[in-house]
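This report concerns only the one structure given below.
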Number of protein chains: 2
Amino acid sequence: MEDVARRAGVSTATVSRTLRGLPNVSADTRGRVLAAAAELSYVVSPIASRLASRRTHTVGVVVPHAARWYFSKVVAGAEEVLREAGLDLLLYSLGDLSARTRFFDQLPLRRRVDAVLTVAMPLTEPEYEAVHTLGVPVVATGLRATGTHCVRIDDTGVMLTAVEHLAGLGHRRIGMISTYADQSMWLPVAHERRAGYLAGLAVTGLPVEPDLVVSVPFGVSGGERAMRRLMERPDPPSAVVAESDELAFGAVAAARRMGLAVPGDVSVVGIDDHDLSDVMDLTTVRQEVVEQGVQAGRMIVRAVQHPGEEPRELVLPTSLVVRGSTAPVAGSSP
Amino acid sequence: MEDVARRAGVSTATVSRTLRGLPNVSADTRGRVLAAAAELSYVVSPIASRLASRRTHTVGVVVPHAARWYFSKVVAGAEEVLREAGLDLLLYSLGDLSARTRFFDQLPLRRRVDAVLTVAMPLTEPEYEAVHTLGVPVVATGLRATGTHCVRIDDTGVMLTAVEHLAGLGHRRIGMISTYADQSMWLPVAHERRAGYLAGLAVTGLPVEPDLVVSVPFGVSGGERAMRRLMERPDPPSAVVAESDELAFGAVAAARRMGLAVPGDVSVVGIDDHDLSDVMDLTTVRQEVVEQGVQAGRMIVRAVQHPGEEPRELVLPTSLVVRGSTAPVAGSSP
DNA sequence: TTGTATGCGTTATCAT
DNA sequence: ATGATAACGCATACAA
């Protein structure tokens, strides 16, 4: 920086001001400084800059599984706007329980980030407090949050929509594929969607049959297992809603492997509108996942610039996408 | 840090040494320092540490599309080992061409990273040089690289395997679904896989029919388009290989939507063993994508510790996974 | 608008 | 093994 200052005939302070785009620099000197910097192909050291300014210009993004569809989409959406805003994105993937406890124990984010974005990470009370000791704004996506900003969808609503769709097709016995917490992550969403399922039954006047709700680990193979369990019953349901499309994929595959026709013998609905839902011809309730990341990124940017603002909540819309995995119930005249 | 030093009755230098685990600290003082640090819940400022040590402890990971299956897997694999090694992972997703040119123009990684990991990013000559002006080690995954470390698979080999599998089933007219460069990314892989296809034909003594190779944009819908083009011909092939599973998914869906049976009327083989290939019952050639990220991460760690080493190349194994999308050619007695 | 001088919180060098 | 002290490369309060 001294070199640039000398070459431009100014002080390092002016160089600093110029390079940061501060207003109080005359157009003339600004030009000389920029020219000098360009000639020397100089760029400020972000590290030194951060030390001096006491701001990290970094946001910590913590996800349960960086490689999963939902999370990678959200991260990609957030990355775009954070990058745009000049914020570095520090990725933490808390795959297993040990990684998670270590993370909240040691808090590697201390003195390291200006904000935190949690992607579909329900926090326990101690975890929540640990994050808040960081003293930086927090934005959560994928679930309802109290005390922090959040962007999410109506998780009970999507399931209600799915059930109403099936009921509208004449289905009166509807199963649900749910997940149990893999390591206490994801819990609230599973809970809300189950609530939405029950709400759907209530609204459409269908009886609740507890045995028609099966819980499995998240993933395609979980969906397969669940579907087998449901359809091997003496009185299988004529339709099934799945907590997510990936579960639904497994469900459809399992049904077909059992020799059942989808949607002939059993209709299936998912949630997400996964990239592959179209080729799987899966009826689903669409959510805009990348958009969630984008909006969360914007919230982060705002929060970094105006910390201490009231926590805001953004609920993004969803929409039913009817495809070929659902049909009127067999033997009915809809 | 001064507080800790005072509390432990030592100098800040000793605190620094202790906290970094340097050997030249007596067990006694070490204990006192650690205790003091714990009591004050003190952690070193990574930023100050980096400024003083002149090492960023950060690696830049640059990918074309953070949200796509392949890339998110590699990133997740790399994240794990980088985190373990105490290296921050700075993610850059170069979605479109403008983002890409800006990236290589301005080189936001300057003075910011100790190493760079490029994930399936074929670099033009100027881009290659731009990256090397960073003066840090570079590791590439997903493609053959010269002058840098790299971890990849045998891209011609996988396609050769796919073709040999089909030829072994009696297929004599095999189409290929290829991609054209979306913005010059991904080019070499497409090229090598096409070469593998041709090699497969040669090895099995099949004639080359240029019209049986169709190029489409990457993605499920690209696969659909390609399959329609192939099967609408007066003399459609009896089998099709796709450059990747996602293309193959689209191909299978398109064939079925045209009323064709898979594998009855046309067999389909993909490359990847995508998470959903099992439910799609897709025969494919499996590659270990997360493992590629892990290995790349290890290479990065080594490169950061011992810069200037000879570029190493790691070629990971692949394996044919036979599922239900391939069958002996109709009308043959295999 | 511009310059001076101090501080940011460490690491590293050189003594001891 | 430990301590004093000078970098590290900037931002910023203050003065001009």
Side-chain angles (χ1 to χ4, degrees), chain A residues 1-37 40-58 86 88 108-114 134-136 304-305, chain B residues 1-37 40-58 86-88 108-114 134-135 304-305:
Chain A
M1 193 173 221
E2 272 182 357
D3 298 343
V4 176
R6 207 169 312 139
R7 192 180 191 102
V10 295
S11 72
T12 60
T14 300
V15 175
S16 176
R17 285 191 274 257
T18 303
L19 264 27
R20 279 180 296 151
L22 296 191
N24 49 346
V25 179
S26 77
D28 177 42
T29 50
R30 172 182 307 280
R32 294 211 315 282
V33 169
L34 291 179
L40 299 175
S41 75
Y42 165 86
V43 290
V44 299
S45 158
I47 292 178
S49 166
R50 288 163 188 195
L51 178 59
S53 68
R54 308 156 113 330
R55 302 190 50 224
T56 66
H57 286 279
T58 299
D88 283 348
L109 255 34
R110 274 189 289 181
R111 312 185 73 170
R112 198 175 278 255
V113 295
D114 290 338
L134 292 174
V136 299
V304 166
Q305 288 163 351
Chain B
M1 192 173 220
E2 270 182 358
D3 297 344
V4 176
R6 206 169 312 141
R7 192 180 191 103
V10 296
S11 72
T12 61
T14 301
V15 174
S16 176
R17 283 191 276 258
T18 303
L19 264 28
R20 279 180 294 154
L22 297 191
N24 49 347
V25 178
S26 77
D28 178 40
T29 50
R30 171 181 307 279
R32 293 209 316 281
V33 169
L34 291 179
L40 299 174
S41 75
Y42 164 86
V43 289
V44 299
S45 158
I47 291 178
S49 167
R50 288 164 188 193
L51 176 59
S53 67
R54 307 161 111 332
R55 301 189 53 224
T56 67
H57 286 280
T58 300
L87 294 173
D88 283 349
L109 256 34
R110 274 190 288 182
R111 312 187 73 173
R112 200 176 277 255
V113 295
D114 291 338
L134 293 174
V304 166
Q305 287 163 352

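The chains referred to below are lettered A, B, ... by the order of the sequence lines, with proteins before strands, and numbering in each begins at 1. Since we're looking at a predicted model, the values are computed, not measured. Values below: every heavy atom of this structure, side chains too, minus hydrogens, waters and symmetry copies.
Bounding nucleotides for the chain B contact on DNA chain D, 5' to 3', at a heavy-atom distance below 4.0 Å, are D:dA1 to D:dC10.
Here B:R110 pairs with nothing under the side-chain hydrogen bond (donor to acceptor under 3.5 Å, both in side chains) rule; sequence neighbours left out. B:R111 meets the side-chain contact (heavy atoms from CB on, under 4.5 Å) test with A:Y42, A:V43, A:S45, A:P46; sequence neighbours excluded. Every side-chain contact (heavy atoms from CB on, under 4.5 Å) that A:T29 has, sequence neighbours left out, goes to A:V10, A:V25, A:S26, A:R32. Evaluation of the salt bridge (charged side-chain N to carboxylate O under 4.0 Å, His left out) rule for A:R17 yields no partner, not counting sequence neighbours. Residues satisfying the side-chain hydrogen bond (donor to acceptor under 3.5 Å, both in side chains) test with A:R30, not counting sequence neighbours, are none. Qualifying salt bridge (charged side-chain N to carboxylate O under 4.0 Å, His left out) partners for B:R20, counting only residues two or more places apart in sequence or in other chains: none. The side-chain contact (heavy atoms from CB on, under 4.5 Å) check on A:A35 picks up A:E39, with sequence neighbours excluded. In this structure, the side-chain contact (heavy atoms from CB on, under 4.5 Å) partners of B:R55, at least two apart in sequence or on a different chain, are B:S53, B:H57, B:D114, B:V304.
To the nearest angstrom, P of C:dT6 lies 18 Å from CZ of A:R54. A straight line from CZ of A:R50 to C1' of C:dT10 spans 16 Å, rounded to a whole angstrom. In this structure, B:I47 atom CD1 and C:dG7 atom C1' are separated by 15 Å, rounded to whole Å.
Atom CE in A:M1 sits 6.0 Å away from atom CG in A:L19 (nearest 0.5 Å). Note that OG1 of B:T18 and CG of B:N24 are 9.0 Å apart. Values are rounded to the nearest 0.5 Å.
No donor-acceptor pair under 3.5 Å is formed between the side chain of A:S16 and the backbone N or O of A:T12.
Remark: B:S49 is in phosphate contact with C:dT11, judged by side-chain N or O atoms under 4.0 Å from OP1 or OP2.
If you check every strand for non-hydrogen atoms under 4.0 Å, B:V43 touches sugar and phosphate atoms only. Contacts of B:R55 with the nucleic acid, taken as non-hydrogen atoms under 4.0 Å apart, are absent.
In the region residues 25-36 of chain B, proximity to DNA chain D at under 4.0 angstrom, judged on heavy atoms, holds for B:V25, B:S26, B:T29.
Between B:R111 and B:V10, the residue whose closest nucleotide on DNA chain D is further toward the 5' end is B:V10.
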Quick one: which protein N/O atoms are closer than 3.5 Å to N/O atoms of nucleotides 12-16 of chain C? Pair and distance per line, please.
unit_1: C:dA12; atom_1: OP2; unit_2: B:R20; atom_2: NH1; d: 2.6

